[in-house]
Protein chains: 2
Amino acid sequence: METRPLARKLGAFMALSEAELCVLERLHKRRRTFFAGRDLVHQGQADQAAYILVSGWAYSYKILHDGQRQIVDFQIPGDFLGLRSVVLHVSDHSIEPVTDIEVTEVHASDLFKALSETPRLATAVFWTASRDEAMVVEHLVGIGRRGAAERMAHFLLELGARLSLVGMGSKAGYACPLTQYLIADAIGLSAVHVNRVLRQLREQGMVTFRDGHVTFDDYDSLVEFADFEESYLDQVGPTAQVSAPVLARVA
Amino acid sequence: METRPLARKLGAFMALSEAELCVLERLHKRRRTFFAGRDLVHQGQADQAAYILVSGWAYSYKILHDGQRQIVDFQIPGDFLGLRSVVLHVSDHSIEPVTDIEVTEVHASDLFKALSETPRLATAVFWTASRDEAMVVEHLVGIGRRGAAERMAHFLLELGARLSLVGMGSKAGYACPLTQYLIADAIGLSAVHVNRVLRQLREQGMVTFRDGHVTFDDYDSLVEFADFEESYLDQVGPTAQVSAPVLARVA
DNA sequence: CGCCTAGTTGAGGTAAGTCAATTCACGTGG
DNA sequence: CCACGTGAATTGACTTACCTCAACTAGGCG
């Protein structure tokens, strides 16, 4: 468990050699702590470092000129923070910790060097980035075309699935430090409506979100209700070639 | 102009050497044509090839279980089609041509081989992918937090900016083969409402969309109205800015 | 004790959706 | 050449999902 969460995540995707793990290890330059509510990366900033989240939760968001906020995604341990900012050389969004967080810093130059010298690692990182993009796309679909309750259900399920992959959740539920305001800005609703929708889902016996804990009261009917497809979260990478489970699902 | 649009796009981001251009050239295996309305990639399919769009327009989308469609993005010449599907090894979305299109096919194995043997090319492709992701994020923000008219204005401006980069548009306007139904599914509105919003923008003297042509009647006030920030579309890559050190290491 | 933040609930407003009718351009076959 | 069908755009009338405003509760903490 003191294996870096990122190594664990990438390892689940492709087997990494000793040498590759070593390169990965050397990337983690410095461990830092940031405190809840204090911006880590700011929109428009020219970034020279990305971070890997070790513990705690964060979220990336954009602010519109009229002050509204849209949360793009939440990050949990093992996720990159600001990877896109480094590649694009400027941050198009801000990142803020939800809780106090621990991260390790990765300098842009070290990252590019490591990726060019270790092609398989580059593939693995590219895979991670693609998986993140797939989540953003799914999020987009939800906001664009799902009703409020379905959106909420889908959101809670996706978060649960992601947390399960790093051992922080199960089909029973998970600890969740988010406020209803954060969820509102993530799924494009008002905080008031979030509250109503949560009540509805609770009264229908599907999920309960209370006191920082999400409990799946009836996982299966929630999945059914939310039209939740978790295949896009699968830990299946190129090495696993067209693996049996994928084929089964496609068939 | 018979330069491959992709080479032109990547070239704008970082200067590519002869050798790198040559690798890029060899990627283009086979030129193919697809016809308007016939699926090119299907949701759930296990992909072994991506495509580079040479001419025509396409769109990537997802279908929900209740039959609703959310269009994630439109692709124009120079864009990759299905790059994420290849990296993730399964397509999480479908792609369909809007018009008849010409593409060149890129086999997954060739792509991975080229990227691992030519690190700078990998960086460039990673940059392209990140730029696409930034667009999806901006799209997400629009759907989540902007009103219908602002969303439409922003959408038309973004398309214009992208088309300008490949010489197919200007601040005066551009040819646009999209129907109001496609736009509706892209920006999360009903087709009827799209029509109303277009009328409103036209009557306010900002944009006119008629007969397959978008005309910016007052570009500046449209930008103002839409809160349009085009920085995320900049053709600014690592080479352009802080990059001397980065390049030195990568090279 | 008083203040702040998070959550909860009600009443009423509004942006956008649905349903439906009409027009127009286009192609196709009688 | 015209009748017909089809897909796109347009507009009106009505509905609804979600928002806003506002009041109130409950817990944490200086």
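It should be emphasised that the depicted structure is a prediction, and the values quoted were computed from it without experimental measurement. Convention: sequence-line order gives letters A, B, ...; per-chain numbering from 1.
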Below the 4.0 Å mark, does [N] have OP1 or OP2 next to a side-chain nitrogen or oxygen of [X]?
X: A/N195; N: C/dT8; result: yes
X: A/R199; N: C/dT8; result: no
X: B/Q180; N: D/dG7; result: no
X: A/R196; N: C/dT8; result: no
X: B/R146; N: C/dA16; result: no
X: A/R210; N: C/dT8; result: yes

Under 4.0 Å between a Lys/Arg side-chain N and an Asp/Glu carboxylate O for [X] and [Y]?
X: B/E102; Y: B/R32; answer: no
X: A/R131; Y: A/D79; answer: no
X: B/R38; Y: B/E96; answer: no
X: B/R145; Y: A/D185; answer: yes

Take atom [atom1] of [X] and atom [atom2] of [N], then tell me their distance rounded to the nearest Å.
X: A/I143; N: D/dC18; atom1: CD1; atom2: P; value: 13 Å
X: B/L178; N: D/dG7; atom1: CG; atom2: P; value: 19 Å
X: A/Y181; N: D/dT20; atom1: OH; atom2: P; value: 12 Å
X: B/I183; N: D/dT10; atom1: CD1; atom2: P; value: 11 Å
X: B/E150; N: C/dA15; atom1: CD; atom2: P; value: 11 Å
X: B/D185; N: D/dA8; atom1: CG; atom2: P; value: 12 Å
X: B/Q68; N: C/dT18; atom1: CD; atom2: C1'; value: 12 Å
X: B/L189; N: C/dT18; atom1: CG; atom2: C1'; value: 14 Å

From the set [options], return the single nucleotide nearest to any side-chain atom of [X].
X: B/H193; options: C/dC19, D/dA22, C/dA16; result: C/dA16
X: B/T179; options: D/dT10, D/dA8, D/dC18; result: D/dA8
X: A/V192; options: D/dC18, D/dT10, D/dC21; result: D/dC21

At 4.0 Å (heavy atoms only), tell me whether A/G188 reaches a base, stays on the sugar-phosphate, or touches nothing. sugar-phosphate
Earlier contact from the 5' end, DNA chain C, for A/L198 and B/A191: A/L198
Closest non-hydrogen atoms of A/A153 and A/F225, given as atom of the first, atom of the second and distance, are CB-CD2, 3.9 Å
